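Since the structure comes first, as structure tokens, the remarks are kept for the end.
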Amino acid sequence: MNWNLYFTEVKRNRKNLITWTLIAVGFTALVVSIFPTMEDMGQDLAELMSKLPPEIAKAMGMDAETWTNILGFYSTYYGIYIILLVGIFCMSTGATIVSKEERDRTSEFLLTRPLSRKQIFNEKMLAMLSLTFIIFTIQTIVATTLVFIFGSNVNWSAFATMHIHGLILILFFTCLGVLISFFFQPKKNFMGMVVGIIFGSYFLNAVSRTAESIEWLGYFSPFHYLDFDPLNPEYSANWIGMAVMVVISAGFLFAAFRLFEKKDIAG
Amino acid sequence: MNAIETHHLTKLYGEHVGMKNVSLEIKEGEVFGFVGPNGAGKSTMIRTLLGLLHPTSGTGTLFGVDITKGENVRARIGYLPSEVNYYEEMSSMELLEYHMRFYGQSDRTKIEALADYFELDLHKKITDLSFGNKKKCAILQTLLHDPDLLILDEPTSGLDPLMQNRFFEHLEERNKQGTTIFFSSHILSEVQRMCNRAAVIKAGEIIAIEDIGELMAKQVKRVRLKYAQKTDFEKIDGMNDIHWHGNKLGFNYVGNIHPLLNWLQSQDLQDVTLEEPDLETIFMNYYER
């Protein structure tokens, strides 16, 4: 392995990494730091919640405890907004890390260096996964610190499970991003598509919880298999679900590699 | 060993022929021209040799290594593309250092020396470089790792005449040291200056592989003459495609230049233009005769 491409890719994405890490960390800090205020209003909010149709509350992953337990409060935001923020960066990095060479017409430069396509793909994927782990780790460290400061009697096991589920979901979307980029014209960014896919997957799962007749819809959403419900006493890591997600993600990358390997680089 | 060898190399884009049955043998140390009009298949050939395009059929080798498994042999190749597209956020120095690291090299003084020779400002961002300076940057990345084979695709586009000359002198020096050069161009005068042999490609197929000396003897001139008025004249050998436009006469001339010059002196002319026609015209003239 030459590592030249790997380090250059990480360097080229560092500005985006810093920007999105600050956004994800800032949002995490905002959510956790307003929890004490919400906790004070917990009783009023719980009453308000009781007036919501139970299907809606269930779809949104909320119940009375959401407002009185820091994990319940944090998980509501983590399950969609933080996953979305981190996912936007990771999935759009995945969608552009190979395709931007074609978009900027630099493929010709890169593919005429003494590297096989396999080496190029591997180094780019390694750079992408490194960026994913960096933003995920920083967000997790900041969240852990703030929950420790603002919370009490925190179920750290549920907290860890939630974050591990989050990591696997983010990896899933990142790898999906790599694959879908081979089916579209290379773009400056895939932001609209990325937001649509992540939000769409979330709401598909949310909607599926509102009625038994449409529960099957949830099977098409990755959120169905890796949920964020730390207040549920039976909440635990879904190892089978995670293994399946990892295998599917690896399948996305393998399919993307095969397409990359066979691709003709036009002038 | 041949530096480049292809046997019936073919690239089809669906129904469209990129190149068909291209068979070439280019010896180490040779300067080989690859000429043809735009769209004839020159770039398709180069991109297939470099592994950017997958051949539909046929085989090819670079220094004996199969082009479809050519990643290691590419360390011995310098490729100058016709159109230069680099990472715009990088400076020339950053790009060239990035390039050098792929070859396990990191000698800044070597970059600076070559940049001085070609008068390239290494500190400007790629995005701020003019077309000509981007080309100079491309020339540097072609030469810096001291390749054994240079594949040059329309190498002088964007370079001013002074820089073209400097580049040719540098290439001649490299060739003396043993570097093989594959020189793709549609400008015949460049091929004449640089190459020992040349292949002519038309509509994706090689129509001739010629010694440059012999090719020169077949060269066509496009002649345009202006008379005071349309007049009768005596044709000489080598004139063809003759036509009048008012008082202006145009024709193609194939053969030795001296009979033409003698004939021109005998004419009562107001103006004379002698042009090198595009290659397509030259070869259409020659091969259709």
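Only a predicted model underlies this, so the values are computations on that prediction, with no experimental measurement involved. Order of the sequence lines sets the chain letters (A, B, ...), proteins ahead of strands, with each chain counted from 1.
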Item checked: Proximal component of K11(B), with respect to chain A [non-hydrogen, under 4.5 Å] ->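 Contact with chain A: side chain only.
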
Next item on the list: Would you mind checking which part of E88(B) comes under 4.5 Å of any heavy atom in chain A, side chain (CB onward), backbone (N, CA, C, O), both or neither?
Entry: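 Nothing of E88(B), per the 4.5 Å heavy-atom cut-off to chain A.
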
Check: What residue, out of L111(A), D104(A), T106(A), has the most heavy-atom pairs lying under 4.5 Å from chain B?
Finding: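 Going by pairs under 4.5 Å, I would pick T106(A).
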
Counting only non-hydrogen atoms closer than 4.5 Å, can you tell me which residues of [range] sit against chain B?
range                       : value
residues 247-263 of chain A : E261(A), K262(A), K263(A)
residues 7-18 of chain A    : T8(A), R12(A)
residues 168-182 of chain A : none

What distance do [X] atom [atom1] and [Y] atom [atom2] have between them, rounded to the nearest 0.5 Å?
X       : Y       : atom1 : atom2 : value
Y103(B) : N4(A)   : OH    : CG    : 10.5 Å
Y79(B)  : R113(A) : OH    : CZ    : 10.0 Å
T112(A) : I46(B)  : OG1   : CD1   : 11.5 Å

Check: residues 13-24 of chain B side-chain donor-acceptor pairs under 3.5 Å, at least two apart:
{"residue": "S23(B)", "atom": "OG", "partner": "H8(B)", "partner atom": "N", "Å": "2.8"}

Item checked: Within 6.0 Å of CD1 in I240(A), more than 12 heavy atoms from elsewhere ->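 Incorrect, the count does not exceed 12.
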
Margin query: Are there over 12 heavy-atom neighbours, none belonging to Q177(B), within less than 6.0 Å of that residue's CD?
Written below: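 For Q177(B), atom CD is crowded (more than 12 foreign heavy atoms under 6.0 Å).
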
Notebook entry, point to check: Between F109(A) and H99(B), how do the two ring planes meet: parallel, tilted or perpendicular, split at 30° and 60°?
Noted result: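 Because their plane-to-plane angle lies in the 30° to 60° range, the rings of F109(A) and H99(B) count as tilted.
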
Notebook entry, point to check: Taking the side chain from N72(B) and the backbone from P114(A), do they hold a donor-acceptor pair closer than 3.5 Å?
Noted result: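 No; zero donor-acceptor contacts below 3.5 Å.
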
Margin query: I'd like to know which of S43(B), G70(B), A75(B) tops the heavy-atom pair count under 4.5 Å against chain A.
Written below: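 Top option by heavy-atom pairs under 4.5 Å: A75(B).
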
Margin query: Whether E108(A) and R47(B) form a salt bridge (side-chain N of Lys/Arg under 4.0 Å from carboxylate O of Asp/Glu) is what I want to check.
Written below: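 So R47(B) pairs with E108(A) through a salt bridge.
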
